[in-house]
Amino acid sequence: MATFVTFHAHPDDECISCGGVMRKAHEDGHRVVLVVATRGEQGEIPPGLLSDGESLAERRAAETLAAAEILGVSRVEFLGYADSGMMGEPTNDEPGTFWTAPVEEAAAKLAAILREENAEVLTCYDDNGGYGHPDHIQVHRVGMRAAELAGTPRVFQSTVNRDHMRRGVAEMADAGLPLPSLEEIEGIGKPESEITTVVDVTPWLEYKRQAMRAHPSQISEDSFFLGTPDDVFRYTFGTECFIRVGAEPGELTDDLFK
């Protein structure tokens, strides 16, 4: 059995983009390691959420541990960088943020974990970080470099199938759901033609949903993530898509370990 390291920017990113493959890998007997660059302290704080003296970073770290247990994670590591906030925010350039971290420095931290775990598989994000968030873009840069440093043989860039999203919006337009516009979709993920790996994670969807519920500070019950009907949730989150580094588009596979 192999070790699978999945690298993410903030708490809750792991269950949204990779929750299915994480739980699948666990049930298939692989060791799953979650590495998170920041503790997501720039997230919104719902009124009354935090206890006296509790920070959002502390709460989100605790939520990550709870979600990780649901998804079958054996080890959770935080790289210790500060959340950079959305692109264009003044927080992007503050000292200590992940966005300002030297790629070589952050990659060395991740590579040390990859070597320690003798990881066979690493996931990071595509070159736009899925949707343009600075910390997500940095996950791509750091993940790719760390894999080079550690010699990790199988590297997958987590992404969103833009064409699948476009078809879904067209089909669900009459359902009255708060769906993204077609213009917004153009800035998310990658075209279907660039994707090399599509994993059907519908057998693990309930674990994925439970892991999302473990992040109540950021994912509310009436959000798009949890407030949609089962068929919409299945359509949106029932497949997880990747671009395998070194693979040719068109050579479609359905597993991170084959």
Side-chain angles (χ1 to χ4, degrees), residues 1-19 21-22 25-26 30-40 61 64-65 67-68 71-84 87 92 95-160 189-190 194-197 199 240-247 253 255-257:
M1 294 295 102
T3 296
F4 164 37
V5 176
T6 183
F7 181 38
H8 295 274
H10 315 101
D12 82 10
D13 291 332
E14 80 291 336
C15 57
I16 294 169
S17 62
C18 290
V21 294
M22 292 165 72
H26 167 71
H30 301 295
R31 176 173 168 83
V32 181
V33 175
L34 170 61
V35 181
V36 189
T38 80
R39 286 179 166 81
T64 301
L65 296 178
L71 296 174
V73 175
S74 297
R75 176 184 178 184
V76 178
E77 293 288 345
F78 292 91
L79 291 189
Y81 294 101
D83 185 351
S84 307
M87 185 66 83
N92 291 173
T97 60
F98 190 45
W99 183 236
T100 62
V103 169
E104 288 295 316
E105 171 198 282
K109 293 182 180 182
L110 178 58
I113 297 171
L114 293 172
R115 292 192 195 98
E116 187 178 320
E117 291 286 348
N118 193 25
E120 181 175 321
V121 178
L122 171 70
T123 67
C124 55
Y125 302 145
D126 66 39
D127 58 4
N128 191 43
Y131 68 104
H133 191 293
D135 287 336
H136 285 240
I137 294 171
Q138 189 77 325
V139 162
H140 168 80
R141 296 170 178 171
V142 170
M144 294 291 289
R145 179 58 180 148
E148 291 178 352
L149 293 172
T152 306
R154 303 173 69 85
V155 182
F156 294 83
Q157 300 174 14
S158 173
T159 191
V160 174
K190 293 291 182 179
E194 295 184 26
I195 292 170
T196 66
T197 308
V199 184
E240 293 174 359
C241 299
F242 303 87
I243 300 169
R244 182 178 177 184
V245 176
T253 61
D255 196 288
L256 304 185
F257 296 89

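Closest non-hydrogen pair, T97 versus N92, comes out as OG1-O, 3.1 Å. Nearest approach of L71 to G19, heavy atoms of both residues: CD2-O, 3.5 Å. Minimum heavy-atom separation, G189 to T159: CA-OG1, 3.5 Å. Listed here is the closest heavy atom pair of V32 and G72: CB-O, 3.9 Å. Taking both residues in full, the closest heavy atoms of G40 and P11 are given as N-CD, 3.7 Å, listed atom of the first, atom of the second, then distance. Of all heavy-atom pairs between A61 and R39, the closest is CB-NE, 3.9 Å.
A side-chain contact (heavy atoms from CB on, under 4.5 Å) with T6 is found for one member of V21, V121, V36, L34 and no other, namely L34.
Side chain of H136 to main chain of G129: a donor-acceptor pair is present (N/O by atom type, distance under 3.5 Å, no hydrogens or angles). Panel note: side chain S84, backbone P134; no donor-acceptor pair is recorded below 3.5 Å. Counting only distance, with no hydrogens or angles, the side chain of T38 and the backbone of A82 share no donor-acceptor pair below 3.5 Å. The backbone N or O of A101 sits less than 3.5 Å from a side-chain atom of Q138, completing a donor-acceptor pair.
Here the CG atom belonging to L110 is positioned 9.0 Å from the CG atom belonging to L149, to the nearest 0.5 angstrom. Remark: E14 CD to M22 CE distance equals 5.5 Å, nearest 0.5 Å. Rounded to the nearest 0.5 angstrom, H140 NE2 and I243 CD1 are separated by 9.0 Å. How far CH2 of W99 is from NE2 of H133: 10.0 Å, rounded to the nearest 0.5 Å. With values rounded to the nearest 0.5 angstrom, N128 atom CG is found 5.0 Å from I137 atom CD1.
For the pair V35/L79, a side-chain contact is recorded, criterion being any heavy-atom separation below 4.5 Å from C-beta on. Here the side chains of C124 and V142 are not in contact, with every heavy-atom distance at 4.5 Å or above.
Under the rule for a side chain to side chain donor-acceptor pair (under 3.5 Å), the partners of D255 that lie at least two apart in sequence or sit in another chain are K24. Every salt bridge (charged side-chain N to carboxylate O under 4.0 Å, His left out) that E240 has, sequence neighbours left out, goes to K208. Qualifying salt bridge (charged side-chain N to carboxylate O under 4.0 Å, His left out) partners for R115, counting only residues two or more places apart in sequence or in other chains: none. For A2, the side-chain contact (heavy atoms from CB on, under 4.5 Å) test picks out H30, E120, F257, with sequence neighbours left out. Remark: F98 engages Y81 in a ring pair (Phe, Tyr, Trp, His ring centres under 6.0 Å) (not counting sequence neighbours). Looking at residues two or more places apart in sequence or on another chain, you find a side chain to side chain donor-acceptor pair (under 3.5 Å) between R145 and E104, E148. With sequence neighbours excluded, no residue satisfies side chain to side chain donor-acceptor pair (under 3.5 Å) with S74. Remark: D12 pairs with R60 by the salt bridge (charged side-chain N to carboxylate O under 4.0 Å, His left out) rule, at least two apart or across chains. H8 is linked by a ring pair (Phe, Tyr, Trp, His ring centres under 6.0 Å) to Y125, counting only residues two or more places apart in sequence or in another chain. Every side chain to side chain donor-acceptor pair (under 3.5 Å) that E116 has, sequence neighbours left out, goes to R75.
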Which atom pairs, donor and acceptor, lie under 3.5 Å between side-chain atoms of residues 150-157 and protein residues at least two apart or in another chain?
| unit_1 | atom_1 | unit_2 | atom_2 | d |
| --- | --- | --- | --- | --- |
| R154 | NE | L256 | O | 2.9 |
| R154 | NH2 | L256 | O | 3.3 |
| R154 | NH2 | K258 | O | 2.4 |

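Evaluation of the salt bridge (Lys or Arg N to Asp or Glu O under 4.0 Å) test over residues 125-137, restricted to residues two or more places apart or in two chains, returns D127-K190.
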